[in-house]
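Whatever order the structure lists ligands and atoms in, that order sets their numbers, starting from 1.
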Amino acid sequence: MLLLPFQLLAVLLPGADNEDDFQGPTSLHVIWISSFANRTWAQSQLSGWLDDLQIHSWDSDSGTIIFLKPWSKGNFSEEKVAELEELIQIQLRRFIRDVQAHASEFQLEYPIEIQGIAGCELHSGGSIVNFFSLAIEGLEFMKLVNDTCIPSPEWGRRAQQICTRVMEYHAFDVTWKKLLLETCPLFLLSVLDAGKAELQRQGKPEAWLSSGPSPGPGRLLLVCHVSGFYPKPVWVMWMQGEQEQPGTQHSDLLPNADWTWYLRATLDVESREAAGLSCRVKHSSLEGQDIVLYWGQPTSIALICLAVLVPSFILLLCFALCYIKRRSYHNTT
Ligand SMILES: *[C@@H]1O[C@H](CO)[C@@H](O)[C@H](O)[C@H]1NC(C)=O
Ligand SMILES: *[C@@H]1O[C@H](CO)[C@@H](O)[C@H](O)[C@H]1NC(C)=O
Ligand SMILES: *[C@@H]1O[C@H](CO)[C@@H](O)[C@H](O)[C@H]1NC(C)=O
């Protein structure tokens with residue numbers, strides 16, 4: 001019973017990746033959060049994702065899918081989308097009703113928050129694998145593997161009971177299978193195809209250096225910022241010559257608003273050892289031409305010199321011109 005809404009989600013958000021050399025996302029999934037305040041009040045939020053790129057949201061007032069990209073409808077027709085939206089609404093209502101009806105049986109206490117993820121993923125060789133799991137308060141309590149409900153041990157007997165229920169229900173639910181096994185893979189492939197230009201583009205990283213808060217007396221925190229790259233895989237290391245510095249720490253990959261990524265690599269060093277260190281960036285968009293930035297390096301020193309020298313020179317020139325002008329003025333009078 002709990003599964004039904006997910007089926008829909010799965011359909012919406014399959015996530016997978018086509019060809020072996022495909023560099024973009026590979027999975028389409030729906031994330032679903034239902035909050036139950038009490039026996040009579042509940043609301044759900046849905047969103048559709050290609051890996052970690054959100055391409056759908058859900059308007060729960062109108063019960064419609066919001067397509068966040070021109071291509072996030074894939075090749076689905078208006079009728080097909082409307083059919084999907086209706087299924088989602090029905091399944092969501094069913095889910096909410098089922099949870100409310102069985103909350104006490106499963107010793108769930110209000111307020112309850114249930115999160116779900118369902119979708120499909122393209123593996124190398126072209127096979128597509130489905131996934132579906134449910135969590136309560138952020139702790140997974142069951143997942144479906146090959147049509148079998150697997151309870152999470154953390155939830156003990158309760159999860160087993162829920163699984164038993166789900167399987168009873170699921171066993172005769174054709175819609176569920178259709179959505180996860182048919183609709184999701186089709187939707188995934190067609191979205192990957194429709195969004196190809198954007199999903200397979202190459203975004204070149206920009207890199208710059210800064211120093212972080214001093215880790216201690218006589219020490220420096222070197223920071224290498226890398227931003228604007230796409231797709232995600234990137235290699236950033238602090239180097240001494242050709243030697244990778246094992247102390248390099250990486251931040252999480254953070255999304256930029258324009259569907260590119262940002263990463264920071266830091267290195268804690270003795271101040272006197274900083275000279276000669278460099279930050280090296282490898283990314284598919286650079287086609288082998290790694291970015292290498294040297295700490296305290298000619299380029300930055302040269303830039304600072306230029307920044308100081310150019311205005312000074314202009315100032316001198318002004319003085320000189322003024323002087324000449326005044327002299328010629330004096331001469332003519
Ligand atoms: C249920 O929760 C909603 C939202 O918090 C609240 O407005 C409503 O009064 C509650 N109903 C009952 C019966 O407690
Ligand atoms: C699920 O099914 C597929 C094919 O039917 C099989 O290859 C795979 O090993 C199964 N996975 C598990 C965990 O049973
Ligand atoms: C939609 O795209 C899928 C996957 O690319 C393809 O298999 C299917 O034939 C397409 N359907 C239509 C109606 O074009």
**Q.** Protein contact to atom 10 (C) of ligand 1 [nearest heavy atom, distance to 0.1 Å]
**A.** N38 ND2, 2.4 Å

Q.
Would D193 count as a polar contact of ligand 3, with the cut-off being nitrogen or oxygen pairs under 3.5 Å?
A. no

Q.
Return the OG to CD1 distance between S57 and I31, rounded to the nearest 0.5 Å.
A. 12.5 Å

(Q) Under a 3.5 Å threshold, yes or no: a donor from one side chain and an acceptor from the other, between W259 and E198? (A) no

Q: Measure the distance from atom 4 (C) of ligand 3 to every protein heavy atom, then report the residue, atom name and distance (to 0.1 Å) of the closest one.
A: L189 CB, 3.6 Å

Q: Flag the pair L199 / W71 as yes when at least one side-chain heavy-atom distance between them is below 4.5 Å, and no otherwise.
A: yes

Q | Contact list for residues 278-289, test salt bridge (charged side-chain N to carboxylate O under 4.0 Å, His left out), sequence neighbours left out | A | E242-R280, R280-D290, K282-D290

Q) In the protein, which heavy atom is nearest to atom 13 (C) of ligand 1, and how far is it? A) T40 OG1, 4.0 Å

(Q) Under a 4.0 Å threshold between the charged nitrogen and the carboxylate oxygen, would K232 count as salt-bridged to D52? (A) yes

Q) Can you check whether a protein heavy atom sits less than 4.0 angstrom from atom 2 (O) of ligand 3? A) yes

Q. So which protein heavy atom does atom 5 (O) of ligand 1 come closest to, and at what separation?
A. A37 CB, 3.9 Å

**Q.** Nearest non-hydrogen protein atom, atom 12 (C) of ligand 3
**A.** N75 ND2, 3.2 Å

Q) Would a 4.0 Å cut-off, counted as strictly less than, catch a protein heavy atom around atom 7 (O) of ligand 1? A) no

Q. E113 versus I33: any side-chain heavy-atom pair under 4.5 Å?
A. yes

